[in-house]
Amino acid sequence: MLKHIRNTMLSLIVLLALAIPAVGYAADAEKDTTTIQDYVTAMQPGWNLGNTFDAVGTDETAWGNPRVTQPFIEELAKQGFKSIRIPVTFDQRMAAGPEYTIDEAFLGRLDQVIQWSMDEGMYVMINIHHDSWIWLEQGMHENHDESLARFEAIWTQLADRYKNHSTKLMFESINEPRFHGSDEEKQTYLDELNASFYEIVRNSGGHNDVRPLVLPTLDTGSEPHKVQALQAFIQELDDPNIIATIHYYGFWPFSVNIAGFTTFNEETKNDIITTFDRAYDSFVADGVPVIIGEFGLLGFDTDLHAIQQGEKLKFFEYMLHYAQEKQLTHMLWDNGQHFGRTSYEWSDQELYDMMKASWAGRSATADTDSIFVRKNAAIKDVDIKLQLHGNELVELKYGNEVLVAGDDYVLHNDVLTLKASLIQELTESKALGSNTVLTATFNSGKDWKFFIITYTTPTLSNTSGTTEQFKIPVAFNGDKLATMEAFYEDGSIAGPQNWTSFKEFAYTFKPNYDENTLTLTKNFFNEVNDGVVKLTLHFWSGEKLNYTITKTGDNIIGLSSVAPGGSTGNGGSTGNDGSTGNSGNDNPDNSNGDGNGNTPTEEPSDPVTPVVVSYNDITSHWGYIGIYRATELGLVNGYADGSFRPDQALNRAELAVIVARALKLPVNSTDETSFTDNDKTPSYAKSSIAQLTKLGLLNGYTDGSFRPNESITRAELAVVIARALKLEGSAASSFTDQASIPAWAQSEAALLDELGIMTGKADGRFAPQAETTRAEAAAVIIRVIDYLTSVSSTTP
């Protein structure tokens with residue numbers, strides 16, 4: 001059937017070719033001597049009105065975008081766009097067969113936006129869009145005749161409706177056509193649709209005999225066999241007013257940030273060259289212009305920051321340059337993510353500025369836009385290779401200050417050296433993060449910005465959650481996450497797309513620098529087996545951190561792997577009260593307990609491993625992970641009623657037991673103390689109190705009492721923990737309530753803060769007189785154990 005259609009169609013084309021010369025189009029639709037290539041070149045650059053008339057739903061707002069307005073179209077034209085592609089989905093906007101009549105109100109709305117666009121002098125392309133996968137993909141293979149009839153009905157109505165419109169309106173047969181069946185069948189279906197589309201439009205009268213028609217490759221892909229098939233089809237048509245179209249979203253691993261492709265490297269660049277060379281050689285060189293009907297990065301669908309900013313800018317700069325060098329017109333895919341439909345502002349102004357500059361020429365770029373400077377480390381000169389692209393550096397500025405060549409920086413050929421003295425000046429006394437921006441201005445093209453970023457090693461905290469909601473607390477400390485690897489304990493790759501250990505950014509993991517969290521998404525856990533998964537986080541500074549998660553059904557436990565020199569947390573860092581530590585007890589003159597602490601059920605002397613989930617009051621508590629680990633290690637127990645009472649104040653007897661167990665002190669039932677209130681001390685705590693007293697870690701009060709049931713303040717806990725760790729020396733701290741910390745605890749609080757063991761409340765306070773809760777105690781003691789483990793692992 002296809003062969004018959006094409007033979008009939010080609011006979012008609014031969015007759016038309018004898019009668020109609022190759023012509024181009026002026027704005028008023030009059031014929032002139034310009035060519036179809038001139039027409040397509042005049043469309044540069046183009047833009048897509050995505051997720052609007054192509055949205056599947058009740059109307060154009062179904063996918064979250066507002067109704068299109070004339071002011072928006074006017075603003076779009078002011079941005080410099082010369083053409084607009086309006087994707088249209090007809091599925092829910094047409095009656096049943098055999099007429100398949102399209103809703104008149106919808107067509108009237110489409111008419112309106114087409115006219116607004118033409119009023120701004122823009123070329124307009126309309127197509128059949130998501131119908132390609134909604135009913136044509138399966139339909140052409142399983143319900144062929146009805147699907148073809150429906151497709152033909154759409155174009156019959158559109159061709160008749162717009163036949164007298166300016167030829168600045170063009171038709172694209174079908175968006176990203178894909179089908180069920182064998183490879184040969186798929187191409188046959190596309191050829192059949194394109195042939196039917198061509199015959200309907202060319203025979204519909206008006207300007208449609210010479211209206212530009214846009215034909216896609218299979219999937220609108222650029223693979224050799226797809227390009228060759230369309231090339232042969234167009235050559236058979238022998239029509240001077242045909243345009244070929246492909247889509248381009250970059251080299252896929254880079255485009256979504258997977259498999260370790262975090263930078264715009266040679267492989268990514270070569271993919272652009274290979275793809276655009278093929279389009280040029282197959283079509284443009286043979287007189288058939290090419291429109292890149294959609295372009296962008298696939299990672300934008302999940303997060304505009306899935307690709308690092310500087311690497312993103314380099315991709316767009318080169319892609320647009322090379323497309324134009326090969327005479328390919330490009331149309332940005334924008335589903336509402338780029339240019340605000342009501343704000344008329346760009347979500348990423350730097351990206352737009354780079355694209356706009358690229359329309360007219362090339363911009364200089366650099367190997368990086370980020371210079372990471374470790375806080376308090378020795379600073380050296382920094383060399384950065386520039387890609388000048390024929391440009392010359394005019395000046396380097398910090399704010400409004402023009403930096404001095406030779407003193408502040410040196411440019412030798414294409415290597416820019418930032419002097420250590422400059423970096424020192426720009427970063428000293430600065431907070432962590434990107435606190436300095438240098439702007440390199442060139443004689444043409446867009447400026448390039450260098451972000452000077454002060455950082456220290458990020459720290460990860462233990463936590464718990466579910467596959468629906470799992471966020472790892474992360475102190476990014478100025479650093480930025482580049483990518484993440486995932487392995488099972490046996491070394492095999494974990495998670496989706498297990499051909500690579502490097503997972504897809506945003507789709508499987510997503511940092512939030514404002515919240516200081518790293519989310520592992522449901523997409524990740526959907527393809528993770530129960531058991532232990534080891535993660536490696538790669539940061540842009542070069543830092544690498546390890547983290548372990550354990551999946552049991554829908555429940556997730558996350559544990560940090562301690563870096564040398566300190567702990568990375570205990571699960572209390574994102575607690576309801578913001579505490580990362582706990583209050584302690586040991587200054588005989590400064591105990592502020594009320595004496596009303598409740599004593600838990602007598603705890604066993606030997607370590608046990610209770611089933612933590614049996615606690616009936618910690619499932620959603622911020623301290624879950626600290627309690628879990630402390631219980632697992634036999635350091636704490638719960639109450640007879642199955643509760644842990646995480647927010648109950650810790651008393652002095654409980655603290656003694658926890659510290660003694662953490663230090664693995666032997667239990668001796670004959671140990672006694674000489675405190676005057678020994679009879680009030682629980683029997684399970686007597687041995688611990690006696691041993692800690694002998695070690696000088698716990699003291700009594702001036703009246704000879706121990707007061708076992710009094711609660712512990714955070715200042716007191718700091719002293720006990722510092723003594724147990726034998727910490728000496730001094731450290732600086734920046735607690736907002738520094739003045740309220742007792743003199744006898746200030747040094748200890750600062751040292752523990754520096755080690756990450758007691759780092760204060762979320763609001764920056766140390767809260768020295770606050771009571772310690774049982775959850776906080778569990779959290780702090782786990783940090784102590786992690787710290788001791790790290791020290792022992794790094795000691796020769």
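All residue numbers refer to positions in the sequence shown, counting from 1.
- No more than 12 heavy atoms of other residues, nucleotides or ligands shown are found within 6.0 angstrom of CG on D554.
- Counting heavy atoms from C-beta outward, L545 and P458 have side chains that approach closer than 4.5 Å.
- Here the closest heavy-atom approach between residue N512 and residue F476 is recorded as O-CE1, 3.7 Å.
- K680 is not listed as a side-chain neighbour of S705, based on a closest heavy-atom distance of 4.5 Å or more.
- Between E771 and S711, the side chains place a donor N or O and an acceptor N or O closer than 3.5 Å (distance only, hydrogens not considered).
- Shown here for A494 and V533, the closest heavy-atom pair between the two residues is CB-CG1, 3.9 Å.
- Judged by distance alone, the side chain of N523 and the main-chain N or O of Y507 form a donor-acceptor pair under 3.5 Å.
- Side chain of T368 to backbone of S370: a donor-acceptor contact under 3.5 angstrom is found.
- Distance alone, capped at 3.5 Å, is enough to place a donor-acceptor pair between the K503 side chain and the P496 backbone.
- Counting heavy atoms from C-beta on, the side chains of T508 and L520 never come closer than 4.5 Å.
- Applying the salt bridge (charged side-chain N to carboxylate O under 4.0 Å, His left out) rule to D530 yields the partners K551; only residues at least two apart in sequence or on another chain are considered.
- Side-chain contact, D369 with Q308: a donor N or O sits under 3.5 Å from an acceptor N or O.
- Counting heavy atoms from C-beta outward, V256 and I307 have side chains that stay 4.5 Å or more apart.
- Using a distance-only test at 3.5 Å, with no hydrogens or angles considered, no donor-acceptor pair links the side chain of T456 to the main chain of K375.
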### Message
Between K480 and F539, is the side-chain contact (heavy atoms from CB on, under 4.5 Å) condition met? List the steps.
### Response
CA-CA 6 Å; K480 299 284 187 178; F539 292 83; 5.9 Å; no

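- Judged by distance alone, with hydrogens and angles left aside, the side-chain atoms of D381 form a donor-acceptor pair with the main-chain N or O of A420 at under 3.5 Å.
- In this structure, the side chain of Q746 engages the main chain of I741 through a donor-acceptor pair within 3.5 Å.
- Side-chain contact between I721 and V780 is present, with heavy atoms from C-beta onward closer than 4.5 Å.
- Judged purely by atom type and a 3.5 angstrom limit, T500 uses its side chain to pair as donor or acceptor with the backbone of F502.
- Summarising the geometry of E311 relative to W540, their closest heavy-atom pair is CG-CH2, 4.4 Å, with the distance given to 0.1 Å.
- Note: T550 OG1 to I557 CD1 = 7.5 Å, rounded to the nearest 0.5 Å.
- Of the inter-residue distances, the one linking F487 atom CZ with S501 atom OG reads 3.5 Å to the nearest 0.5 angstrom.
- Checked against salt bridge (charged side-chain N to carboxylate O under 4.0 Å, His left out), D303 has the following partners two or more places apart in sequence or in another chain: K510.
- Using modelled atom types, no side-chain atom of D753 and backbone atom of F735 make a donor-acceptor pair closer than 3.5 Å.
- Under the salt bridge (charged side-chain N to carboxylate O under 4.0 Å, His left out) criterion, no residue pair touches residues 483-501, with sequence neighbours excluded.
- Between T454 and A431 the shortest heavy-atom distance is CB-O, 3.8 Å.
- L655 places a side-chain heavy atom less than 4.5 Å from the side chain of V720.
- In this structure, I549 CD1 and L559 CG are separated by 10.5 Å, a value rounded to the nearest 0.5 Å.
- Residues T736 and R765 approach most closely at OG1-CG, 3.3 Å, considering heavy atoms.
- Under the 3.5 Å distance criterion, with hydrogens and angles disregarded, a donor-acceptor pair is assigned to the side chains of Q691 and S687.
- With hydrogens and angles ignored, the 3.5 Å screen pairs no side-chain donor or acceptor of R714 with any backbone N or O of P768.
- Using a distance-only test at 3.5 Å, with no hydrogens or angles considered, no donor-acceptor pair links the side chain of R774 to the main chain of A649.
- Taking 4.5 Å as the limit, every side-chain heavy atom of I556 sits out of range of all side-chain heavy atoms of S464.
- Atom CG of N526 sits about 8.0 Å away from atom OG1 of T521, to the nearest 0.5 Å.
- By the 30° and 60° cut-offs, the orientation of the rings of F470 relative to F525 is perpendicular.
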### Query
Stepwise, does the side-chain hydrogen bond (donor to acceptor under 3.5 Å, both in side chains) test hold for D647 with T773?
CA-CA 5 Å; D647 296 320; T773 66; 5.0 Å; no

### Derivation of the side-chain hydrogen bond (donor to acceptor under 3.5 Å, both in side chains) call for N462 and S560
CA-CA 6 Å; N462 302 330; S560 63; 3.3 Å; yes

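- For the residue pair D479 and S541, a side-chain donor N or O sits within less than 3.5 Å of a side-chain acceptor on the partner.
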### Task
Carefully, step by step, assess V657 and Y684 under the rule side-chain contact (heavy atoms from CB on, under 4.5 Å).
CA-CA 8 Å; V657 172; Y684 72 83; 3.6 Å; yes

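- Defined by atom type and a distance below 3.5 Å, a donor-acceptor pair is present between the side-chain atoms of Y639 and Q648.
- Summarising the geometry, atom CG belonging to L518 is positioned 11.0 Å from atom OG1 belonging to T463; distances are rounded to the nearest 0.5 Å.
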### Message
Would T466 and N555 count as a side-chain contact (heavy atoms from CB on, under 4.5 Å) here? Give the steps.
### Response
CA-CA 4 Å; T466 68; N555 296 314; 4.2 Å; yes

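- A cation-pi arrangement is absent between K534 and Y488 under the rule of less than 6.0 angstrom and at most 45 degrees off the ring axis.
- Using cut-offs of 30° and 60° for the angle between ring planes, the F372 and Y455 rings count as perpendicular.
- Separating the OG1 atom in T519 from the NZ atom in K522 is a distance of 14.0 Å, to the nearest 0.5 Å.
- L755 is not listed as a side-chain neighbour of R783, based on a closest heavy-atom distance of 4.5 Å or more.
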### Task
Report the C-alpha distance between I689 and F706 in whole Å, list the side-chain angles of each, state the deciding distance to 0.1 Å, and finish with yes or no for side-chain contact (heavy atoms from CB on, under 4.5 Å).
CA-CA 9 Å; I689 293 172; F706 182 78; 3.5 Å; yes

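- For the pair D677 and P708, the tightest heavy-atom approach, listed with the atom from each and the gap, is OD2-CD, 3.5 Å.
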